[in-house]
Amino acid sequence: TGGIYLCKSIDGGVTWGTPTEVINTNYDGTKWPIDRPWMVIDRSNSATQGYIYVATFNLNRTNAPYNPYLSVSNDGGNTFTTRYIDTVGWLAGGINPLPMCFPAVSSSGIFYGTYPSFALSQSFYLQNFLASSNNGGIDMEHRTITTFSSPSNLSDYPLAKKGSVLLCNPVDANHLAYVFLSAVTGDLDVYLVESLDAGSSWGTPIRLNDDPVANDRMQDLIWGDFDNDGDLIVTWRDRRNGTDSTFKTETEIWAAYRNKDSITFAPNFQITNQTVIYDSVLENAGNDFMCVKLQEDTLNATWGDTRNGKLNIWFQRMTTSGEILSTNQISSETISPIIIYPNPVYSTITVQGEKIERIELFDNSGKQVLSKNYTNELNQVDLNMEMLSVGSYFMKITTEKGKYSEKIIKEK
């Protein structure tokens with residue numbers, strides 16, 4: 001049970017109203033369409049002004065075909081209706097279980113959403129589609145943005161954060177920018193492709209990271225933003241100064257900026273002030289992120305990194321030429337020596353830690369449902385969870401250095 005909920009404040013966050021259900025876990029059988037919710041609000045002067053759009057996709061990775069969903073409210077978030085974003089001929093398909101949609105709304109009130117497709121009935125290659133609606137999500141039109149030349153173009157980078165970004169220029173309703181990752185030159189690079197006719201046609205993709213082409217260094221974790229007069233910023237996690245070609249190497253945060261009056265981007269500049277060594281905590285869900293907002297030529301960036309053996313969250317203001325105005329460390333948390341994955345778990349869960357001595361599992365009532373001792377100073381334990389009922393559990397791990405606990409979700 002469960003779902004996605006919207007909670008609204010009309011006094012700047014001082015007080016909050018009663019949560020409203022956006023979409024229920026059981027909306028589409030056992031597909032559980034509640035993963036990665038993204039919300040955008042129509043701020044145009046059109047007939048759909050104030051509409052709230054929430055895009056999600058399936059949490060169940062074993063119940064193909066997979067779909068992106070769109071939940072829409074036309075009454076200020078009091079009620080929502082939901083539909084598929086994909087459709088016949090424009091299906092997300094049954095191969096890629098992660099059809100995340102990135103939504104955006106233009107200044108003329110057009111809803112746009114991009115999502116990946118890998119359906120052999122449509123193409124032998126991975127594609128990215130654009131869905132659009134001029135009537136609040138009732139009707140959808142679909143177009144192709146990109147078609148990758150090889151189905152393995154992205155699959156060779158299992159740990160990279162590969163989400164794409166769709167941006168609408170606030171001063172030109174016909175101008176859309178789509179930022180994505182591609183390994184067409186041999187390693188993951190950041191690319192931009194633009195449309196000047198509201199998505200009907202798209203130009204040639206350009207590579208934004210200006211380190212040497214095919215230098216065996218991958219990039220990921222992209223984000224971007226237009227400011228109010230049409231300047232564009234794109235940011236990403238960069239490995240040009242790392243020591244190898246993998247995800248598990250040193251990183252920095254870099255950016256590319258284009259002034260509204262220019263047709264080309266200025267040289268890349270570095271946002272972070274140091275190179276950060278890799279930590280395995282970044283392999284777990286939710287532990288690395290990037291966001292940027294551009295306001296009156298000032299870049300406002302926030303990101304997470306693992307410097308000093310901690311998981312840090314930073315907020316930094318700087319000029320578009322790379323001059324730092326202020327830096328604040330919002331949070332810092334010591335990285336746990338225990339890694340548990342996958343979580344949620346369907347069958348087998350892996351526990352990694354130094355010299356594991358004991359693992360216990362308890363259900364929500366506090367009843368112990370599993371207890372195992374280990375005398376061989378193991379650093380990795382694989383546990384079969386298939387016999388457990390669907391639900392929440394708490395795992396306690398005892399190692400030579402201490403005791404740790406983690407909430408575990410068991411799914412079908």
Side-chain angles (χ1 to χ4, degrees), residues 102 157 159-165 167 177 179-183 187-192 206-212 215-227 231-259 265-295 297-333 335:
F102 196 101
Y157 305 88
L159 294 175
K161 304 307 180 289
K162 307 169 193 171
S164 56
V165 177
L167 304 170
V179 188
F180 63 99
L181 294 171
S182 174
D187 47 64
L188 280 186
D189 291 312
V190 182
Y191 283 85
L192 169 74
I206 61 171
R207 181 177 181 266
L208 293 186
N209 49 298
D210 58 12
D211 53 327
N215 64 345
D216 211 23
R217 296 293 183 270
M218 61 175 284
Q219 322 300 346
D220 73 336
L221 204 66
I222 55 179
W223 204 257
D225 189 41
F226 279 106
D227 69 3
D231 301 325
L232 176 60
I233 192 77
V234 177
T235 60
W236 62 90
R237 182 165 54 190
D238 197 292
R239 295 171 178 80
R240 68 182 68 189
N241 294 317
T243 54
D244 60 49
S245 62
T246 69
F247 177 88
K248 303 178 180 182
T249 191
E250 299 88 347
T251 61
E252 299 145 353
I253 302 295
W254 283 67
Y257 171 75
R258 186 181 67 192
N259 184 276
F265 281 81
N268 293 175
F269 62 91
Q270 188 173 334
I271 293 179
T272 49
N273 61 2
Q274 69 179 75
T275 301
V276 179
I277 63 172
Y278 164 80
D279 192 284
S280 58
V281 72
L282 298 180
E283 298 179 28
N284 298 337
N287 283 339
D288 50 357
F289 69 94
M290 177 77 220
C291 186
V292 64
K293 296 295 291 183
L294 190 60
Q295 185 176 20
D297 300 325
T298 299
L299 183 157
N300 300 271
T302 182
W303 71 91
D305 65 36
T306 55
R307 68 185 73 178
N308 304 324
K310 297 179 182 294
L311 185 59
N312 308 284
I313 299 175
W314 301 90
F315 174 76
Q316 184 165 291
R317 299 179 70 249
M318 61 194 310
T319 68
T320 53
S321 60
E323 178 187 356
I324 296 176
L325 303 176
S326 65
T327 302
N328 299 98
Q329 187 172 1
I330 299 175
S331 178
S332 180
E333 180 178 325
I335 298 170

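Side-chain atoms are counted along with the backbone in the values below, which use heavy atoms only and exclude waters and symmetry mates.
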Working to the nearest 0.5 angstrom, can you tell me the gap between [X] [atom1] and [Y] [atom2]?
X: L192; Y: S164; atom1: CG; atom2: OG; answer: 12.0 Å
X: Y157; Y: S245; atom1: OH; atom2: OG; answer: 7.5 Å
X: Q219; Y: N209; atom1: CD; atom2: CG; answer: 4.5 Å
X: L188; Y: L221; atom1: CG; atom2: CG; answer: 12.0 Å
X: N268; Y: L208; atom1: CG; atom2: CG; answer: 7.5 Å
X: K293; Y: R317; atom1: NZ; atom2: CZ; answer: 14.5 Å

Counting C-beta onward and ignoring hydrogens, is there a side-chain heavy-atom pair between [X] and [Y] closer than 4.5 Å?
X: L232; Y: Y257; result: no
X: T319; Y: D297; result: no
X: W254; Y: R240; result: yes
X: V234; Y: V165; result: no
X: K162; Y: F180; result: no
X: Q316; Y: I271; result: yes
X: D238; Y: I253; result: no
X: L159; Y: K248; result: yes

**OP:** Check whether NZ of the Lys or CZ of the Arg R237 lies under 6.0 Å from the centre of the six-membered ring of W223 and within 45 degrees of that ring's axis.
**Re:** no

Shortest non-hydrogen contact from [X] to [Y]?
X: Q270; Y: N273; value: NE2-C, 4.3 Å
X: M218; Y: F247; value: SD-N, 3.4 Å
X: I222; Y: L181; value: CG2-CD2, 4.0 Å
X: T243; Y: T249; value: N-OG1, 3.0 Å
X: D225; Y: L167; value: N-CD1, 3.6 Å
X: W236; Y: V190; value: CG-CG2, 3.7 Å

Subject >> NZ/K161: more than 12 non-hydrogen atoms of other groups inside 6.0 Å >> reply: yes

Subject >> Neighbour count >12 (heavy atoms, 6.0 Å) for atom CD1, I277 >> reply: no

**OP:** Go through the side-chain N and O atoms of E252 and T272 and say whether any donor and acceptor fall under 3.5 Å apart.
**Re:** no

Subject >> Pair E250, T275: side-chain N/O donor-acceptor within cut-off below 3.5 Å >> reply: no

Subject >> Candidates T251, D288, N312, V276 - the one meeting side chain to side chain contact (heavy atoms under 4.5 Å, CB included) with T306 >> reply: V276

Original post:
So, does R217 use its side chain to make a donor-acceptor pair with the main chain of G242 at under 3.5 Å?
Top reply: yes

**OP:** Check step by step if side chain to side chain contact (heavy atoms under 4.5 Å, CB included) holds for F265 and I206.
**Re:** CA-CA 10 Å; F265 281 81; I206 61 171; 4.1 Å; yes

Original post:
With T246, which residues qualify under side chain to side chain donor-acceptor pair (under 3.5 Å), at least two apart?
Top reply: D244

**OP:** For side chain to side chain contact (heavy atoms under 4.5 Å, CB included), just list the numbers for N300 and F315, CA-CA rounded to whole Å, side-chain angles, deciding distance to a tenth of an Å, and then say yes or no.
**Re:** CA-CA 7 Å; N300 300 271; F315 174 76; 3.7 Å; yes

Original post:
Is the shortest distance from a Lys or Arg side-chain nitrogen in R239 or D220 to a carboxylate oxygen in the other one below 4.0 Å?
Top reply: yes

Original post:
Is it true that D279 and R307 make a salt bridge, defined as a side-chain N closer than 4.0 Å to a carboxylate O?
Top reply: no

**OP:** Please work out whether the ring planes of W314 and W303 are parallel, tilted or perpendicular, with thresholds of 30° and 60°.
**Re:** parallel

